[in-house]
Every structure is written in C-alpha cells, then in structure tokens.
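I have placed the structure first, in the form of structure tokens, so that the comments after it can refer back to it.
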Amino acid sequence: MKSTLSAALSLAALFCTSLTAGCVAPVGPVEVTRFHVPEAESAPRAEIAVEPAAGMDGQSLEYRSYAVAVGSELQRLGYARIAAPGTGAQVALVRVARETIEPERAGGPVSVGLGGTAGSHGSGVGLGIGVNLSPPPPAMVRTTLSVTIRERAANRALWEGRASFTVKASSPMADTQLGAPKLAEALFRGWPGQSGETILVP
C-alpha cells in the first residue's frame with residue numbers, strides 16, 4: 001500500500017508541475033460537515049490504515065490520489081504510521097463521488113411576445129420574436145470526499161466527515177490530481193471539528 005500511495009503522490013506532483021497555472025487555479029469555498037464521538041480527539045493515534053469504502057475501486061487512480069491526500073492529513077494530525085490495508089488499530093475508509101451538473105439557461109433560446117398599441121390614429125397588434133444568442137451556462141463538476149475513521153476491532157466509528165466543492169468542468173481543479181489535496185486539507189482542518197456543524201472552508 002505504501003509503495004502504491006507513493007507512486008500516486010509522485011504522479012500527482014508531476015501533473016502539477018506540468019500545469020503550473022492550474023496548480024494555483026482559484027476555487028470556491030469547500031463545504032465541510034463532520035460528526036464524531038466525544039473521545040475522538042483523545043483516541044490513540046499510533047497507526048491507521050487508509051482503505052477504500054464499500055463500492056470504491058481501490059486500484060483506480062482517483063481513489064489512490066485521494067488516499068495519498070487523506071494519509072498525508074492523518075499524519076499531520078499525529079498518526080505515527082500509515083499501516084497496510086487490513087492492519088492497524090484504526091482504519092480510514094475513503095469514498096469519492098463526482099457529479100456533473102448541466103445548468104439550464106434562464107429563459108428559452110427563442111421568446112415570442114405579443115404587443116398591442118392604441119392611439120388617436122387607431123390600434124394595432126404586433127408579434128415580436130426575440131432570439132437569445134447568449135451561450136448556455138458552463139457545465140459544473142461537484143466532487144465530494146467522505147472519510148470515516150473506525151476502530152477496527154470494535155468496528156465503531158470515531159469520526160466521519162465529508163467535504164465538497166463545485167467548479168467549472170473546464171477548471172483544472174475539477175481534475176482529481178489537483179482537487180484531492182484541496183478537499184482533504186479542508187476536511188481535516190481544525191480536526192475533529194464541531195460535531196454536526198456544516199462550515200465553509202475558504
């Protein structure tokens with residue numbers, strides 16, 4: 001697992017180098033919601049495994065990119081070691097979901113109006129047709145990272161949270177390699193956070 005995560009991290013760094021402008025592309029605030037038991041912050045942080053949640057492909061590049069980002073944040077929080085899958089007293093289950101949103105243009109492309117006039121020289125009715133030449137709104141991509149930290153032996157959830165942001169589909173930040181560190185950093189900022197509270201992380 002460690003070699004797999006290292007390879008994914010190296011690939012992410014290479015991708016970022018090749019898209020220097022994209023690496024600093026602005027992105028809107030990240031919406032973060034977290035839940036945890038009272039003893040989450042005081043629980044031992046010796047070692048933890050990072051594993052795909054049910055339904056996630058643990059071999060996909062997308063998952064591995066987020067696993068690297070989550071592992072880095074967990075070590076920053078004080079976990080001494082990222083354990084191999086299936087080992088470790090605790091496990092962080094990672095899930096990633098991406099949704100493409102196609103906004104609808106306000107009003108139709110063609111509008112028809114019926115107008116009437118009246119005056120001293122008579123009255124009339126006119127039919128007006130207007131064509132909306134503005135382009136449709138750009139497609140958006142919403143990415144959500146969810147992580148649950150569980151005690152392996154007791155299968156008890158200590159902490160869980162989700163973070164999501166929405167960017168244009170054409171934005172470099174819509175790419176997994178660039179979005180993963182951003183979402184993971186926002187998700188674990190101020191860990192464990194206020195349980196049940198939704199915040200916006202700039």
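Residues take their numbers from the sequence shown, with the count starting at 1. In this text, all values refer to a predicted model and were calculated from it rather than measured experimentally.
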| said: Under a 3.5 Å cutoff, is there a donor and acceptor pairing between the side chains of Arg142 and Thr166? | reply: yes
Look only at the side chain of [X] and the backbone of [Y], and say whether a donor-acceptor pair between them is shorter than 3.5 Å.
{"X": "Arg81", "Y": "Gln75", "value": "no"}
{"X": "Thr87", "Y": "Ala83", "value": "no"}
{"X": "Arg45", "Y": "Leu77", "value": "yes"}
{"X": "Arg95", "Y": "Met56", "value": "no"}

Q) Side chains of Gln90 and Arg152: closer than 4.5 Å at any heavy-atom pair? A) no
Gln177 vs Leu61 side-chain heavy atoms within contact, under 4.5 Å: yes
In short, Leu158 meets Ala40 closest at the heavy-atom pair O-CB, 3.5 Å
Shortest non-hydrogen pair, Val94 vs Tyr66, comes out as CG1-CB, 4.3 Å
Worksheet item: Which is it for Ser195 and Arg34 under the side-chain hydrogen bond (donor to acceptor under 3.5 Å, both in side chains) test, yes or no, and what are the steps along the way?
Response: CA-CA 6 Å; Ser195 187; Arg34 296 172 285 201; over 6 Å; no
Review point. Do the charged groups of Glu160 and Arg150 touch, with an N to O distance under 4.0 Å?
Key: no
Report task. Give me the ring orientation class for Trp191 and Trp159: parallel if the planes are under 30° apart, tilted from 30 to 60°, perpendicular past 60°. Result -> tilted
